Amino acid sequence: MKEYLKFKAGPEVYDMLRQEGLKKERIQVFAGPAGGPKWFISVGLDRALIQSGFLVRAGKKKTLLAGSSAGAWRCLAMSCKNPMEAYEKLRIAYSRNVFTAADTPATISDKIRSNVESFISEADAGHIINNPSFDVAVHVVRSRGPAASSNRRVEGLALIGAGLTNVLSSRLMNLFYERVVFYSGDARQCFVGRSFEGRLYPLDRRNVKSVALATGSLPYIIAGVSNIPGLGAEVYRDGGLTDYQLNQDYDPGPDGLTLFFHYQERITPGWFDKRLSWRKPTDKVTRRVLQLYPGQDFIDLLPDKRIPDRNDFTIFVDNPLERIRRWDQVSKISDLLADYFFEVVESGKIKDLVRPI
C-alpha cells in the first residue's frame, strides 16, 4: 500500500489514537500553517473536510480554525457562507497571480487585496463572524519601530536585525514584531490566561478583509496594512513571522486534539527559524497535536517530484501559464491525500500508522 500520508501525534493524544483511532468529535482545533504555494497540496484534503463536514462538531460546540498567511486564508474560506465556492475562488485567485520585475510592494499588495476580495464577499464577512460551526483565529504581527517603515532600506535593515536577534532568542522578536491574533466567537478563551504573549482583537465585519490582507503581507515584498478599522495607523504584516507553521498551544481540551495538516515533517515555529535546525515548537505546543504530512510516495507524483513554493514565481517568471498548469495539477493530485486520509481513518489503520512527535 502506498504511504501517501504520515501521521505523528503529541504525547497526550498518542495513546488515545493508538487505542481508538481518530474520532471526528476529538477534533476541536484545525490549524493551518503559512508557507506560500505549498498549500496547494492541501487542496484535496481541505475540500473533502468541507464536503464531509468532518470538522463540524455536534450540538452548539464550535471547532476553532486557526492559522497565519495562506493557512489563515484556508480557514477563512472554510468559514464562508458557501465554503466550497469560496475555497475554489481562493485557489483560482492565488494560483493566477502574475508578478513581474516591475511590481512594487504596493502593486503586489493590490493583487493580494484582489485575492481576498475574490473569496470574501460582504455577506461572507458577516457569516465568518457568526459561523454556527466554526470560530476563527487569524495570526498577524504588529510592526514596531523601524520594522513599521515603508522605506524598503529601513525595512530591510529591520528584517536583518530581527533575524539576528531571533538567533539569540525568539522572544527578542517582540522588539520588531508583536504577535496579534484576531478572533471570532469564543476563540479568545484559547489564548487568555495561559502562555500566550501578544495582543487579542475581535474580528468584525469591518476588519475581516483588512486582517486577511495583513496576515499574508510578507515584509519587504508586500506593503504593510495600516488603518485596520478600530486600530488606528499601526502597521500589520504577515502572521507567519511569529507563527510560521505551529507556534501556539490552542488547548483543545483534555478530550480533544488539534488536527494539523503540514507539508513536511519538521515543524518550524517562526519564519526566522527556517534555517535554525535546532529551533522547534515547545512540547506544550505539540502535546495534543495530530500532525499529518505527505509521504514520499505522494511527493514522487508531483511535477519535478517537489512541493510548490514561492520560488516558482521566479522559476516561471517568463512562463506563468506553465506555473499555473503545474499548480492546478498539484491541486488535482492532492485528492489522493483526501482519499488516503479517510480510508485510513475509517478503517482504523491510523492506529498502526501513527508515530510519536
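The shown structure was predicted, so the numbers you read here are calculated from the model rather than taken from an experiment. We use all heavy atoms of the structure for the numbers below, so side chains are in, but hydrogens, waters and symmetry mates are not.
Checking each of Lys209, Arg205, Lys81 against Glu122 for a salt bridge (Lys or Arg N to Asp or Glu O under 4.0 Å) leaves exactly one that passes, namely Lys209.
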* To do: Go through the steps for His262 and Gln264 under the test side-chain contact (heavy atoms from CB on, under 4.5 Å), then give the verdict.
  => CA-CA 6 Å; His262 197 14; Gln264 63 187 33; 3.5 Å; yes
* Run the salt bridge (charged side-chain N to carboxylate O under 4.0 Å, His left out) check on Glu88 and Arg47 step by step: do they pass? -> CA-CA 9 Å; Glu88 182 63 7; Arg47 290 190 297 210; 3.6 Å; yes
* **Criterion salt bridge (charged side-chain N to carboxylate O under 4.0 Å, His left out) on Glu178 and Arg199, from CA distance to verdict** => CA-CA 8 Å; Glu178 179 185 25; Arg199 297 188 182 193; 3.1 Å; yes
* Step by step, would you call Val141 with Val180 a side-chain contact (heavy atoms from CB on, under 4.5 Å)? -> CA-CA 5 Å; Val141 296; Val180 178; over 6 Å; no
* Step-by-step salt bridge (charged side-chain N to carboxylate O under 4.0 Å, His left out) determination, Arg323 to Asp318 -> CA-CA 10 Å; Arg323 169 180 56 78; Asp318 295 323; over 6 Å; no
* **Worked verdict on Arg113 versus Asp110 for salt bridge (charged side-chain N to carboxylate O under 4.0 Å, His left out)** => CA-CA 5 Å; Arg113 182 179 289 104; Asp110 287 340; 3.0 Å; yes
* Asked: When you look at Leu301 and Leu336, which way does the side-chain contact (heavy atoms from CB on, under 4.5 Å) test go after all the steps?
  -> CA-CA 10 Å; Leu301 299 174; Leu336 291 174; 3.5 Å; yes
* To do: List the steps and the verdict of side-chain contact (heavy atoms from CB on, under 4.5 Å) for Phe134 and Leu64.
  => CA-CA 6 Å; Phe134 304 124; Leu64 173 65; over 6 Å; no
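For the residue pair Pro269 and Lys280, the shortest heavy atom distance occurs at CG-C, 3.4 Å. Shown here for Ala48 and Ala338, the closest heavy-atom pair between the two residues is CB-CB, 3.6 Å. Of all heavy-atom pairs between Val136 and Ile128, the closest is CG2-CG2, 4.3 Å. What you find for Asp300 and Lys305 is that their closest heavy atoms are O-CG, 3.5 Å. Ile357 approaches Gly10 most closely through the heavy-atom pair CD1-N, 3.6 Å. Across Gly240 and Ala34, no two heavy atoms sit closer than the pair CA-CB, 4.4 Å.
Salt bridge absent: Lys38 and Asp309 never bring a charged side-chain N and a carboxylate O closer than 4.0 Å. Salt bridge status for Asp255 with Lys23: absent, with no side-chain N to carboxylate O gap under 4.0 Å. Of the charged side-chain nitrogens involved, at least one lies within less than 4.0 Å of a carboxylate oxygen, so that Lys8 and Glu265 count as a salt-bridged pair. The pair Glu20-Arg26 meets the salt-bridge criterion, with a side-chain N (NZ, NE, NH1 or NH2) lying under 4.0 Å from an Asp/Glu carboxylate O. Note on Arg288 versus Asp249: no salt bridge recorded, every NZ/NE/NH1/NH2 to OD/OE distance being 4.0 Å or above. With respect to Asp251 and Arg287, a salt bridge is recorded, a charged nitrogen being found less than 4.0 Å from a carboxylate O. Between Asp312 and Arg326 no salt bridge is recorded (no basic side-chain N to carboxylate O distance below 4.0 Å).
A distance-only check finds no donor-acceptor pair linking the side chain of Thr215 to the backbone of Val211 [under 3.5 Å]. Although no hydrogens or angles enter the test, the distance criterion places no donor-acceptor pair under 3.5 Å between the side chain of Thr268 and the main chain of Gly270. Using modelled atom types, one side-chain atom of Asn82 and one backbone atom of Glu85 make a donor-acceptor pair closer than 3.5 Å. A distance-only check finds no donor-acceptor pair linking the side chain of Asn166 to the backbone of Ala162 [under 3.5 Å]. In this structure, Asp273 contributes its side chain and Arg279 its backbone to no donor-acceptor pair below 3.5 Å. Using modelled atom types, no side-chain atom of Ser109 and backbone atom of Pro105 make a donor-acceptor pair closer than 3.5 Å. In this structure, the side chain of Arg266 engages the main chain of Lys274 through a donor-acceptor pair within 3.5 Å. A distance-only check finds a donor-acceptor pair linking the side chain of Ser118 to the backbone of Asn115 [under 3.5 Å]. The closest donor-acceptor contact from the side chain of Trp39 to the backbone of Gly71 lies at 3.5 Å or more, if one exists at all. Between the side chain of Asn131 and the backbone N or O of Ser79 there is at least one donor-acceptor pair closer than 3.5 Å.
Side-chain polar atoms of Tyr263 and Gln245 form a donor-acceptor pair below 3.5 angstrom. When only modelled atom types and interatomic distance are considered, Asp103 and Thr107 share a side-chain donor-acceptor pair under 3.5 Å. Side-chain contact of Ser121 with Asp124: a donor-acceptor pair under 3.5 Å is present, judged by distance alone.
With contacts defined as side-chain heavy-atom distances shorter than 4.5 Å, the pair Leu157/Pro146 does not qualify. Between Phe341 and Phe54 there is a side-chain heavy-atom pair separated by less than 4.5 Å. At least one side-chain heavy atom of Leu257 sits less than 4.5 Å from a side-chain heavy atom of Leu22. A heavy-atom distance below 4.5 Å is not found between the side chains of Lys6 and Arg355. The shortest side-chain heavy-atom distance between Pro219 and Leu159 falls under the 4.5 Å cut-off. Between Ser170 and Phe272 the shortest side-chain heavy-atom distance does not fall below 4.5 Å. Contact of the Ile350 side chain with the Leu290 side chain is registered, since non-hydrogen atoms from C-beta on lie closer than 4.5 Å. Between Cys75 and Val138, every side-chain heavy-atom pair lies at or beyond the 4.5 Å cut-off.
With sequence neighbours left out, the salt bridge (Lys or Arg N to Asp or Glu O under 4.0 Å) criterion links Arg206 to Asp204.
Tyr94 has its ring centre less than 6.0 Å from the ring centre of Phe40. Ring to ring, Trp271 and Phe176 are not that close: their centroids are 6.0 angstrom or more apart.
Annotation for Lys24: atom NZ counts as buried by contact number, over 12 foreign heavy atoms lying within 6.0 Å.
Within the structure, every pair that satisfies the side-chain hydrogen bond (donor to acceptor under 3.5 Å, both in side chains) test and touches residues 232-244, not counting sequence neighbours, is listed here: Ser69-Asp238, His139-Asp243, Arg142-Glu234, Ser143-Arg237, Glu155-Arg237, Arg179-Asp243, Glu234-Tyr236.
Note: the hydrophobic cluster containing Leu55 also contains Leu90 (ILVMFWY, side chain heavy atoms under 4.5 Å, direct or indirect links).
Between Tyr4 and Phe298, the ring-plane angle classifies as perpendicular under the 30° and 60° cut-offs.
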